[in-house]
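A short write-up of the structure that comes next.
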Amino acid sequence: NVVVKVMKRFLEITNNTALNVLADHPDIMAHEAKALAGITSDHVVSVYSHGIVAGRPYMIVEAVETPPGFPNLDALLMHYRTFEPEPLPQAIMPSARMVHDILLGVRDIHHSGRLHRDLKPTNIIVDVNGAIKLCDLGIAATMDHDGVYPGSTHGSMTYSAPEAFRGVGCYVPQSDIYSLGLIMARVLDPSIYAVPSVDFGHDDGGHKGQVAAFAAKVPAQYRDVVRHCLAWSPFERYATIDALLAAFDDARNAQGEYVG
């Protein structure tokens, strides 16, 4: 089964000026299609074709059957924000296994030579069996030989790493890892909603305190992993997605949960 994704025409209001986003950015969907086509992964949505019809970009992608009312991971996590939420089926309950599969998806993206740059719960699909699919690679970027994408700021401010908004001018694999630290914590403890904010001008020390309090909410065996992901400097985080995946799986194994 497949789904045809068509870019809608809509207006974006910027500084009281209406911009036709489709006209200004006709290559967004083509960029996403090319990014997805270059990735082979059980945990990333597959794309089969793309093009333009009547001036509107489209692409044909893998259909993912999601539980009714839960189109993405964010909807699942928000379910726990309701008063006395109804129990979810075991297969789609947030779990360490889900985190593991999210990390596998990002590993496959990075191994393809790309960075996602917009990792957040709304860009993660959970199907009816609990399988993870990463999507929305419209601003994914190709790394250079040093593993760096020299480019402008992109992605959701809430889940972006500090360096993405400090005018540094580059985005590195550890920037995706920062986003993963926030997502990881929310999946491991769905009662968590607010994530650490960032003073995009500089680190005044407040960030470390926020991260410490944030990480303290997750199960004990994962706290060091979350803290390491959320270090202010990208050079103090896990150097690669493989290192993060190994550390996370070690934490699971330490708790007696076998990771095959």
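Values reported hereafter were calculated over all heavy atoms of this structure, with side chains retained and with hydrogens, waters and symmetry mates removed. Because the structure is a prediction, the values reported are computed rather than measured.
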Indicate the atoms forming the closest heavy-atom contact of G105 with V44, along with that distance.
O-CG2, 3.8 Å
Given side chains that start at C-beta, do those of V187 and S95 come closer than 4.5 Å, heavy atoms only?
no
Would you say H43 and D108 are linked by a side-chain donor-acceptor pair, where the criterion is simply a distance under 3.5 Å?
no
Please report the interatomic distance CZ(F214) to CG(D189), rounded to the nearest 0.5 Å.
9.0 Å
The criterion is side chain to side chain contact (heavy atoms under 4.5 Å, CB included); which residues satisfy it with N72, sequence neighbours excluded?
D74, A75, T122
Between CG of L182 and CD1 of I192, what distance do you get to the nearest 0.5 Å?
10.0 Å
Is there side-chain contact between H100 and F248, with at least one heavy-atom pair below 4.5 Å?
yes
Nearest heavy-atom neighbours spanning P234 and V172
CB-CG2, 4.0 Å
Heavy-atom closest contact (M98 atom, M93 atom, distance):
CE-O, 3.5 Å
Main chain of D42, side chain of K133: is a donor-acceptor contact present, judged purely on distance under 3.5 Å?
yes
I would like to know whether H116 and N123 meet side-chain hydrogen bond (donor to acceptor under 3.5 Å, both in side chains); could you show each step before the answer?
CA-CA 10 Å; H116 190 291; N123 287 341; 4.9 Å; no
Atom OG1 of T158 and atom NZ of K120: how far apart are they, to the nearest 0.5 Å?
8.5 Å
Between W232 and H207, how do the two ring planes meet: parallel, tilted or perpendicular, split at 30° and 60°?
perpendicular
Taking the side chain as C-beta and beyond, is there a heavy-atom pair between I109 and L115 under 4.5 Å?
no
Taking atom NE2 of H111 and atom CD1 of I241, what is their separation to the nearest 0.5 Å?
8.0 Å
Between E236 and R227, is the closest basic N to carboxylate O distance under 4.0 Å?
no
What one should report as the nearest heavy-atom pair of L244 and I177 is CD2-CG2, 4.1 Å
In Å, rounded to the nearest 0.5 Å, how long is the span from OH of Y178 to NE2 of H228?
14.0 Å
Give every donor-acceptor pair under 3.5 Å between a side-chain atom in residues 63-71 and any protein atom, sequence neighbours left out.
none

Tell me, do S175 and R117 make a side-chain contact under 4.5 Å, heavy atoms counted?
no
Going by the side chain to side chain donor-acceptor pair (under 3.5 Å) test, name the single residue among H110, R114, R237 that passes it with D176.
H110
Might you point out which heavy atoms bring Y159 and P121 nearest each other, and give the distance in Å?
CZ-CD, 3.4 Å
Atom CG in L73, atom CE in M78: separation rounded to 0.5 Å?
12.0 Å
Starting from the C-alpha separation in whole Å, work towards a yes-or-no answer on side chain to side chain contact (heavy atoms under 4.5 Å, CB included) for L104 and L245.
CA-CA 8 Å; L104 289 178; L245 184 58; 3.6 Å; yes
L119 vs I183 side-chain heavy atoms within contact, under 4.5 Å
yes
R186 to Y193 - nearest heavy-atom pair and separation:
NH2-CD1, 3.9 Å
Please report the C-alpha distance between I132 and I125 in whole Å, then the side-chain angles of each, then the deciding distance to 0.1 Å, and finally whether the side chain to side chain contact (heavy atoms under 4.5 Å, CB included) criterion is met.
CA-CA 6 Å; I132 294 294; I125 301 172; over 6 Å; no
Given 3.5 Å as the limit, does a donor-acceptor pair link the side chain of E62 with the main chain of S46, or not?
yes
